[in-house]
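Worksheet: one structure, shown below.
Residue numbers count from 1 along this sequence.
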Amino acid sequence: MLINIQKFSLFMFLLMFAILYAIFADYYLDQRERTASVILRGLQHDLSEIGYVFSRSITSKKDVKSFRALLERHRSQNDFVFAAMVLDDSEVLLTTDPRYNTAPSKSMVYNSAVPMSSAYEQLMKKKGIEGVIRFYEGEKRQELKLLFLLDHEELRLNMSKNKTAFLVSFGLLPILILVLAWFILQYFVIRPLEKLRQYAYYQSKVPKTFKLKELESIRSSMVQTFSRLELEQKELYSMARTDALCGLANRNALTEYLKRLIADSSRAKTEFAFLFLDLDHFKTVNDSLGHSIGDELLKEVASVIHSVLRSNDFVARVGGDEFVIVLHQYKSLVEVAEVIERIQKRLNIPWVIQTYPIEITSSIGIALYPKDGEDMISLMQHADIAMYEAKNKGRAQYHYFTKELNAKVQESIALDKSMREALKANEYELYYQPKTNVYSGKIVGVEALIRWISPSKGIIPPNVFIPLAEENGFIVELGYWVLEEALAQQIRWKEKGLDLAISINIATSQLLDPAFESKLVSVLKQSKTDPVKLDFEITEYLFFEQNKDNFEVLNTIRSLGISISLDDFGTGYSSLSYLKKFPIDNLKIDKSFVDDYDTFEGAVFLETIVKMGQALQMKIIAEGVEQKEQLEYLLAIGCDLYQGYYCSKPLCVKELEAFCQEHELG
């Protein structure tokens, strides 16, 4: 069996590394066991010391509870203990953490009276370590158990630090020597040979000059031979895959492209749009003006289509006046429609071909992969059917293969256009819903909610246009309008003597907009709004990617004095890690959980959120409160604020001003 130089060199490197690793691993395991023994003895010493203090100080089991501070102090001074407990058999008399009020089983507790095989295994496998408190109650000798619950995460961290120090101290230098030798061999021999092999197989990239004379001679000879062959191959390939008339890809190129795209889309589970474009009345041009004029027109049409498309799109001429366009990597079908409309608009202009004026339009049929077909033949057939449907409806338009999808897309396109025009026409209005203190009943602020009031259709609910705005990116522009309008309204209220804090919903895409911070600072400066009176409501989608940019933008908001609320808590990602990591001031409980307050599971969930928020020093706001019983329950569990129809529905500016005159402000 043959073996190449790279594999042989790698084998020798791994063999030497394995030998060194075995030597150092034995030493490391010994050091780890010693470290674990030291930690274990330290814990036993602390147990003995605390046990001694208890034994000298208590005369009955009831006295144990008075020593909570002593137990908590010792626990906090030991990084490896996250809770301490005093037990009477299995009954917990005292614990430093109320969450742990049940004693672990005896098998999971380390006892010094039982011989141990490994200190490290005892520390990492046992939940706790046990000591004894002996005292006399009168003349009767009593015995209690003192238990430390071990923090395995801290233990692992400590061990990993020791491991890192060991590897740096004892394993780095030999490994560096081996790595250096490996890189030298790689640089001068293995890599040049691998480049020659790849060049011989793929001819993709010409290797640069080699250092070794013999290898350089081989490289130079291969470059000359392959350069000649590559030139001949490119000429043949281009002729076989290029349309001779207009220079676009032909049917062969389309077939190869679709095979790759279908394979990629199948793996990634993504869709793409297959467009079949046919020029309207092109036969008339050929018949009346001749084929030479028709060919010249096809060249111009091909050039226009190619110029309109995006860099990642594909176009091919498949025969006569028929073109196939493939669109992918689009955000929504609205974007597909925009590309189609640009193509049809550019083609629907007066043409002058060899002094002959020509007017031409196009009909386009659209099929979507994989919904309308999973191979080129079915996509071509269905797009062709849709194209003829477009011609039947009057030409110079486009049509989707299915009527249902076509209607849906047309509706989305119309809605997209309408909501953009609505912003220019000032059809949007902010309503405000009061936030009420659960205990005092005072109004402590309002949440700004956008409403679209169309002159022809009336009030269009946010759940109709907001999802589309988020999908096509219009939510960013709309969000800035909401921000500016809310701040301006706050100033107008302040001038009237109504000083209200305002909560504003900020979409994730708006928050991550590169210009968000600068625009926010500019709006605050222009409006002269007190940032302390502002609250930004964000959703859990921001935390799906917990990166540095997300963290920094929230810190910037907090540094300006603006508070941050986490909206719809519990309905999304709901990880406790981001509550600890990110600067969040308030938690808003979703209405669906408030509605479920009268069930056992719902009550437990609500109470858990409130207690957790209180522990993290956050205010808890309940949404969707509609009943007196709901409010009474929120009061009982310690919820801070609430919103909902029980207090008030969202109100327009005048209604809210009248509402505030009738209610006490906090």
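With values rounded to the nearest 0.5 angstrom, Phe516 atom CZ is found 10.0 Å from Ser518 atom OG. From Lys417, atom NZ reaches atom CD1 of Ile413 across 10.5 Å, with rounding to the nearest 0.5 Å. We find the OG-CZ distance between Ser265 and Phe272 to be 5.5 Å, quoted to the nearest 0.5 Å. Here the straight-line distance linking atom CZ of Phe582 with atom CG of Leu566 works out to 11.0 Å at 0.5 Å rounding. Distance OG/Ser527 to CD/Glu485: 11.5 Å, rounded to 0.5 Å. For the atom pair OG1 of Thr436 and NE2 of His663, the computed distance is 8.0 Å after rounding to the nearest 0.5 Å.
Of all heavy-atom pairs spanning Leu587 and Gly613, the tightest one is CD1-CA, 4.4 Å.
Note on ring orientation: taking the six-membered ring where Trp is involved, the planes of Phe605 and Phe593 are parallel (angle under 30°, cut-offs 30° and 60°). Note: Trp452 and Phe465 have perpendicular aromatic rings, judged against thresholds of 30 and 60 degrees for the angle between ring planes.
The shortest distance between side-chain heavy atoms of Ser412 and Leu333 does not fall below 4.5 Å. Proximity of Val438 to Asp640: side-chain heavy atoms (C-beta onward) are nowhere separated by under 4.5 Å.
The existence of a salt bridge linking Lys591 and Glu626 is confirmed by a sub-4.0 Å separation between a basic side-chain nitrogen and an acidic carboxylate oxygen. Look at Glu429 and Arg451 and you find no salt bridge, because none of the NZ, NE, NH1 or NH2 atoms lies under 4.0 Å from a carboxylate O. We find that Glu72 and Arg75 are joined by a salt bridge, their nearest charged nitrogen and carboxylate oxygen being less than 4.0 Å apart.
Gln44 and Arg41 form no side-chain donor-acceptor contact under 3.5 Å, judged by distance and modelled atom types alone.
The residue from Val532, Leu520, Asp530, Asp535 that alone fulfils the side-chain contact (heavy atoms from CB on, under 4.5 Å) condition with Ile562 is Leu520.
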